[in-house]
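Working notes for the structure below.
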Amino acid sequence: MRIIADKTCIVIEEIEHFDLKQTLECGQCFRYECISDNEYLVIAKNRTLHIKQEDNILFFYNSTMEEVQSIWCPYFDLNRDYGTIKKWLNERDNLIGEAIEQKSGVRILNQEFFEMLITFIISQNKQIPHIMQIVERISERFGEYIGEWNGKKYYSFPTPEVLSKATEQDFLDMKAGFRAKYLVDACKKVVSQELCENELRQMNYGEALEKIQIVKGIGEKVGNCILLFGLGRREAFPIDVWMIRILERLYFDEPVKKDEMQAFAKEHFGEYGGYAQQYLFYYARDNRVK
DNA sequence: TGCCAGGAAGTCC
DNA sequence: GGACTTCATGGC
C-alpha cells in the first residue's frame, strides 16, 4: 500500500484485500450513495468523502493527505492485515472459504460509536434501505450541514447532546415506529454518562456486551453489532436471521437455538468472530440463502 | 393481501 | 425459564 498526493486527489496504490463496493454495501454502513460503478459518496466523520476504486487503486477526491492518513485509512481499516485474518479463518475449517472467496474485499469499517448505537437500535426488524432512510432523516433534522453534492445537501450524524433534544414524537415522525422510545432512552443514557463510550472501550468483551444492554431495545444481536462496528470489538459475532440460515446450512445438520450458535461461534472463530460473521452474513444475504 | 425485515420486550404458563 | 405475541413501517 502506497499513498501519493496527485494533482486533484489523494491516491492509494497497491491496495490488497479491499473492495470499496463490497465494504460499503455489505450491510455494515448506512450512509453512502453510489455515484457510478465503484465510485461513492460516503457520509461519515462529520464530512463527506468522494471516493473511487479502480482495480487496486483508491482515489480520494475531496480530501487531503493528512485526512486520508488520519481519518480515512482507519475508517476503512486499511492498516490491518486481512491476509492473515483470511488465512486463519480458512485454516479453521473448509466451510467458510467460499464466503471469503466471494466477499474477499470486505473490511470491517471503524465507524462512530453513537451513530452505530442509534443506527442498530433502528435496525431491529427492519430492512437495510429503510434503516438508511431513517438515519438520513435524523441527520437532516438534527445534524449539521456539511456540504453539497449534485445539488443535494448533506448533514452530519448528530451529537448525543443535540439528539437528546428529540422527543419520542420526533422519532415517530421520522418513522422509527416502536423504536422511538428506545432511541430516547439511548440518548438519555449517553448524555447522562450512564452509558459511556470510554468505559465500554476499557471493559472486556463480555462486560461491554452486558453493559450496553442497559439501553432499552438493545439485546444480544444489536449489542454485538454496536460492539463490532462502533467499538472495534472484532470478537463480536451478531446473529440475525441471515446468520441463522447460513450457520445452519454450513455447520449444523439440524435446527439449533441461537444460544448454541453463539457458543459455537465463540469457540470456533474466537477473536476473529467479527470477520467471519461479516463474510458469512454478506454471502448469505447476497445469495439469498434458503 | 400476507409475509418478512441485520429483534427485543412483554406476557403467558 | 422457555414459547408465543406484539411492536411500526414499508417493500415485495
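Scope of the values below: all heavy atoms of this structure, side chains included, with no hydrogens, waters or symmetry mates. All chains are named by letter (A, B, ...) in the order of the sequence lines, taking the proteins before the strands, and each is independently numbered beginning at 1.
Note: the hydrophobic cluster containing Ile43(A) also contains Trp149(A) (ILVMFWY, side chain heavy atoms under 4.5 Å, direct or indirect links). Linking Ile, Leu, Val, Met, Phe, Trp and Tyr whenever their side-chain heavy atoms come within less than 4.5 Å puts Phe252(A) and Met243(A) in one cluster. In the hydrophobic cluster analysis, where Ile, Leu, Val, Met, Phe, Trp and Tyr join through side-chain heavy atoms closer than 4.5 angstrom, Val191(A) is grouped apart from Phe157(A).
To the nearest angstrom, P of dG6(B) lies 16 Å from CE of Met116(A). Whole-Å rounding puts the Lys181(A) NZ to dC7(C) C1' distance at 7 Å. A straight line from CZ of Phe30(A) to P of dA5(B) spans 15 Å, rounded to a whole angstrom. Straight-line distance from the CZ atom of Arg179(A) to the C1' atom of dT9(C): 7 Å, rounded to whole Å. Here the C1' atom of nucleotide dG11(C) and the CE atom of Met132(A) are 15 Å apart, to the nearest Å. Between Asp259(A) atom CG and dG7(B) atom P the separation is 17 Å, expressed in whole Å. One atom, NZ of Lys290(A), and another, P of dC4(B), lie 12 Å apart when rounded to the nearest Å. Distance Phe178(A) CZ to dA9(B) C1': 10 Å, rounded to the nearest Å.
Within residues 118-131 of chain A, the residues that place at least one heavy atom under 4.0 Å from DNA chain B are, in residue-number order, Ser123(A), Gln124(A), Asn125(A), Lys126(A), Gln127(A), Ile128(A). Residues from residues 217-240 of chain A that place a heavy atom under 4.0 Å from any atom of DNA chain B, listed by number: Gly217(A), Ile218(A), Gly219(A), Glu220(A), Lys221(A), Val222(A), Phe229(A), Pro238(A), Asp240(A). Within a heavy-atom distance below 4.0 Å of DNA chain B, no residue of residues 162-177 of chain A is found.
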>> Between Tyr82(A) and Tyr275(A), does the ring pair (Phe, Tyr, Trp, His ring centres under 6.0 Å) criterion hold? Intermediate values first, please.
In response: CA-CA 9 Å; Tyr82(A) 276 68; Tyr275(A) 305 104; 5.5 Å; yes

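Sequence neighbours left out, the pairs with a member in residues 166-181 of chain A that pass salt bridge (Lys or Arg N to Asp or Glu O under 4.0 Å) are Arg141(A)-Asp170(A).
A donor and an acceptor atom never sit less than 3.5 Å apart when one is taken from the side chain of Gln133(A) and the other from the base of dG11(C).
Residues Phe120(A) and Phe30(A) bring their aromatic ring centres within 6.0 Å.
Nucleotides dG11(C) and dA8(B) place their C1' atoms 22 Å apart, quoted to the nearest Å. dT6(C) and dC3(B): their P atoms are spaced 14 Å apart (whole Å). Taking the C1' atoms as reference points, dG10(C) lies 15 Å from dT1(B), given to the whole Å. Annotation: dC4(B) and dC4(C) have their P atoms spaced 15 Å apart (nearest Å).
When every heavy atom of Ala176(A) is checked against every heavy atom of Ile134(A), the shortest pair comes out as CA-CD1, 4.2 Å. Leu200(A) approaches Arg233(A) most closely through the heavy-atom pair O-NH1, 3.3 Å.
Counting heavy atoms from C-beta on, the side chains of Ile239(A) and Ile244(A) come closer than 4.5 Å.
Arg245(A) has a side-chain polar atom (N or O) that falls below the 4.0 Å cut-off from OP1 or OP2 of dA5(B).
Cluster partners of Tyr155(A) are Tyr145(A), counting Ile, Leu, Val, Met, Phe, Trp and Tyr whose side-chain heavy atoms approach within less than 4.5 Å, directly or via other members.
With sequence neighbours left out, the salt bridge (Lys or Arg N to Asp or Glu O under 4.0 Å) criterion links Lys103(A) to Asp286(A).
Taken to the nearest 0.5 Å, the CD1 atom of Ile122(A) stands 12.5 Å off from the CE atom of Met132(A).
Gln213(A) comes within 4.0 angstrom of no nucleic acid atom, judged by non-hydrogen atoms across all strands.
Both geometric conditions, a ring-centre gap below 5.5 Å and a plane tilt below 30°, are fulfilled for Phe281(A) over the base of dG6(B).
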